[in-house]
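Just so we're on the same page: letters track the sequence lines, and every chain starts at 1. If you're wondering where the values come from, they're calculated on a predicted model, not measured in any experiment. In what follows, every heavy atom counts, from backbone to side chain, and hydrogens, waters and symmetry copies are set aside.
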Number of protein chains: 2
Amino acid sequence: MGKPVDLIEVWRGDLLECMHQGHAVVCDEAGQITHAWGDPETVIYSRSSCKMIQALPLVESGAADAYGLTEKQLALSCASHNGSAIHVDAVNAWMKDIGLGESDFRCGPQVPGDVDVRDALIRADEKPCRIHNNCSGKHSGFLTLTQHLKAGPDYTHIDHPVQIACKAAFEETTQETSPTYGIDGCSAPNFAGTVHGLARSMAFYASAHTRSDTRSKAAARLASAMMAYPEMVAGETRACTNLMRAMNGKVAVKTGAEGVFIAIIPEKRIGVALKITDGATRASEAAIAAILVKLGVLDAAHPTAKSLMAPDIRNWDGLVIGRINPVSALI
Amino acid sequence: MGKPVDLIEVWRGDLLECMHQGHAVVCDEAGQITHAWGDPETVIYSRSSCKMIQALPLVESGAADAYGLTEKQLALSCASHNGSAIHVDAVNAWMKDIGLGESDFRCGPQVPGDVDVRDALIRADEKPCRIHNNCSGKHSGFLTLTQHLKAGPDYTHIDHPVQIACKAAFEETTQETSPTYGIDGCSAPNFAGTVHGLARSMAFYASAHTRSDTRSKAAARLASAMMAYPEMVAGETRACTNLMRAMNGKVAVKTGAEGVFIAIIPEKRIGVALKITDGATRASEAAIAAILVKLGVLDAAHPTAKSLMAPDIRNWDGLVIGRINPVSALI
């Protein structure tokens with residue numbers, strides 16, 4: 001783990017109460033670093049921020065077209081969703097189309113992030129299911145590719161053709177050999193790589209629309225799908241959805257657990273990746289917003305930019321008692 | 001903010017995924033540091049970890065005895081509770097005794113940490129109230145002292161006699177002048193001080209049973225109450241309650257928001273205070289458990305020690321996919 005730098009301050013009154021450190025890299029289509037904070041060569045798990053890489057085999061294999069997947073479904077295949085009705089209904093419909101159901105999913109049941117859906121389950125005395133798992137869209141993509149490849153049911157196993165294809169997509173777009181992998185919250189393998197490698201992969205996505213090879217066309221379709229359906233990628237109130245809306249669908253962004261965030265900026269053909277060392281989401285959200293403002297693609301005056309980049313901290317009675325600030329080097 | 005050191009590692013598979021840094025101090029009854037990690041002179045908010053200091057004026061003023069408060073109520077006055085029935089019922093009974101009610105509280109309404117209570121509120125379509133606020137026991141103490149002093153209703157105001165007394169208790173037991181204060185989650189002032197000062201105050205509590213002055217007797221009563229009623233200080237499944245039970249009521253511990261934890265060890269007359277720089281509770285819990293083991297007051301083999309100090313990380317399907325470890329310097 002490389003030496004991180006201070007990125008996000010948390011103030012209460014006039015005292016700095018907490019500091020979040022991390023690493024961030026902005027990379028152009030040639031893979032060259034244009035901005036960096038901390039150590040770009042730090043090895044991290046990209047977690048859910050690499051879902052568009054995990055969806056690449058689904059598209060480039062021809063499976064997405066063979067099963068007639070819509071752009072909305074492609075966005076969902078890259079999602080860490082809230083388990084809202086729009087997500088759960090879409091996954092259920094998708095599974096009906098391909099003749100599968102909840103028991104085919106290898107992700108565990110998860111309490112949905114959508115509080116209304118959670119409360120409805122509690123009132124009905126029902127438990128959340130695997131479809132509520134924030135990764136069920138990604139797993140729908142895995143299941144579709146599994147069917148297309150006529151492969152076995154254990155699609156999260158490291159030796160399964162789906163994961164072999166995901167690893168190849170990860171290593172080839174990051175242009176690195178992944179040194180190891182971990183098991184993600186949804187039981188799928190998550191391949192380790194450097195922050196630089198992740199930013200390089202995102203720059204590959206950001207420049208994909210300028211190339212005509214099969215992989216680039218697949219990458220461009222996935223990034224476009226995310227930007228066209230931001231509500232499918234996360235959900236109402238979520239940072240990813242709000243940021244993509246605030247940038248009028250011109251930039252794709254994706255969060256990952258434990259403080260990861262990426263951005264794909266097609267108009268500039270650049271990619272961004274960042275990792276907060278302690279894993280805090282409040283810091284990864286503030287940092288990506290600050291970098292998007294710095295890069296000129298997010299308006300600092302937009303309510304979403306203000307609410308993520310330098311939010312007020314309110315207490316249980318609604319009083320503003322502090323604020324979160326990016327450090328000056330990020331602004 | 002002084003330079004923190006690595007304290008708690010978060011592993012996923014064979015890769016270090018996150019690191020939590022911080023400061024920790026162990027202090028004897030003379031105020032001398034016996035162990036330190038990071039910078040002991042870092043200024044922090046002790047947040048809820050100093051509730052036994054905020055309860056000191058309640059006892060030493062004579063208010064607690066004038067109102068016939070029980071040891072259980074004294075424990076509750078030092079609590080960050082779950083909003084379980086035992087806490088809410090005790091606060092309601094206390095308020096009935098002194099002729100006050102929910103509208104007199106200055107803490108905001110908070111969703112209770114007790115999931116069963118939360119779910120019951122959702123099923124009944126009821127909102128949480130101010131009594132559910134984790135600090136309502138502390139505020140019951142503030143209200144009791146307010147009545148005793150015949151002071152005005154705005155007991156969280158910095159110039160109110162209750163807060164003037166809290167500031168004096170804080171400065172006199174930490175043996176420092178507090179440079180500033182912030183507003184806490186419950187709207188009460190929270191006085192800033194060094195990690196060393198907080199540990200010095202905790203050593204004052206840990207040695208209070210050896211002295212006979214009014215303040216020391218009050219401090220000893222509060223520490224004893226916390227150790228006698230660990231379930232009143234936090235609640236079922238919570239780190240504070242489980243740790244005090246695991247140490248057979250011989251040590252008082254208290255968490256604070258944004259990564260703070262303290263311990264009062266009467267048998268050794270020492271106090272402990274720590275702050276995780278990024279504010280993570282998973283790290284403050286692991287760090288206090290490791291230090292209590294190191295100091296010989298918590299059995300490393302106790303299930304509570306194992307579950308806090310080096311817990312398995314499980315994913316949504318219950319698979320063990322990683323672990324949290326204190327760094328070797330903490331063991």
Side-chain angles (χ1 to χ4, degrees), chain A residues 1 4 8-21 43-45 47 106-111 118-120 122-123 125 128 130 133-135 156 179-187 189-190 192 257-259 275-280 282-283 314-322, chain B residues 1 4 8-21 43-45 47 106-111 118-120 122-123 125 128 130 133-135 156 179-187 189-190 192 257-259 275-280 282-283 314-322:
Chain A
M1 190 179 263
I8 303 296
E9 303 170 346
V10 181
W11 291 81
R12 179 170 298 259
D14 58 0
L15 182 71
L16 182 61
E17 184 167 30
C18 295
M19 177 66 84
H20 297 282
Q21 297 192 312
V43 176
I44 65 166
Y45 291 122
R47 305 294 299 275
R106 290 294 179 265
C107 52
Q110 180 184 3
V111 178
R118 182 202 69 183
D119 289 0
I122 291 167
R123 287 193 194 97
D125 206 19
R130 294 171 192 269
N133 188 299
N134 81 84
C135 299
T156 55
T180 188
Y181 71 97
I183 300 301
D184 213 332
C186 69
S187 299
N190 195 261
E258 297 291 355
K275 163 75 180 178
I276 302 299
T277 305
D278 61 70
R282 66 180 177 187
R314 290 175 184 273
N315 76 1
W316 292 111
D317 220 12
L319 301 175
V320 175
I321 49 71
Chain B
M1 190 179 263
I8 302 297
E9 303 170 344
V10 181
W11 291 82
R12 179 170 297 259
D14 57 1
L15 182 72
L16 182 61
E17 184 167 29
C18 295
M19 177 65 83
H20 296 283
Q21 297 192 312
V43 176
I44 65 165
Y45 291 121
R47 306 293 301 273
R106 290 292 179 269
C107 53
Q110 180 183 5
V111 177
R118 181 201 70 182
D119 289 0
I122 291 167
R123 287 194 193 97
D125 206 20
R130 293 171 193 271
N133 189 300
N134 80 86
C135 300
T156 55
T180 188
Y181 71 97
I183 301 302
D184 213 332
C186 69
S187 299
N190 195 261
E258 298 291 356
K275 163 75 180 179
I276 301 298
T277 305
D278 61 69
R282 67 179 176 188
R314 290 176 184 271
N315 76 2
W316 292 110
D317 220 12
L319 300 175
V320 175
I321 49 69

### Full working for salt bridge (charged side-chain N to carboxylate O under 4.0 Å, His left out) between A:Arg12 and B:Glu258
CA-CA 11 Å; A:Arg12 179 170 298 259; B:Glu258 298 291 356; 5.0 Å; no
### Query
Is there a donor-acceptor pair closer than 3.5 Å between any side-chain N or O of A:Arg47 and the backbone N or O of A:Asn190?
no
#### Entry: Listed partners of B:Asp119 passing salt bridge (charged side-chain N to carboxylate O under 4.0 Å, His left out), at least two apart
none
### Query
Do you know which of B:Ser187, B:Ala280, B:Cys186, B:Gly13 has the most heavy-atom pairs under 4.5 Å to chain A?
B:Ser187
### Message
Just so I understand: if I count every heavy-atom pair under 4.5 Å between each of B:Arg314, B:Gln110, B:Arg123, B:His20 and chain A, which residue has the most?
### Response
B:Gln110
### Query
Okay, side chain of B:Lys275, backbone of B:Val43: is any donor-acceptor separation there less than 3.5 Å?
no
### Contact check, side chains of A:Gln21 and B:Pro4, non-hydrogen atoms, under 4.5 Å
no
### Message
Quick check on B:Asn133 against chain A: is it the side chain, the backbone, both or neither that has a heavy atom closer than 4.5 Å?
### Response
side chain
#### Entry: Nearest-0.5 Å distance that lies between atom CH2 in B:Trp316 and atom CD1 in B:Ile321
11.5 Å
### Task
Against chain A, label B:Asp125 side chain, backbone, both or neither, depending on which of its atoms sit under 4.5 Å from a heavy atom there.
side chain
### Query
B:Arg106 versus chain A, heavy atoms under 4.5 Å apart: side chain, backbone, both or neither?
backbone
### Message
Counting heavy-atom pairs under 4.5 Å with chain A, which one of B:Ile276, B:Val111, B:Asp184 comes out on top?
### Response
B:Asp184
### Task
Could you tell me which portion of B:Ile44 (side chain, backbone, both or neither) has an atom closer than 4.5 angstrom to a non-hydrogen atom of chain A?
backbone
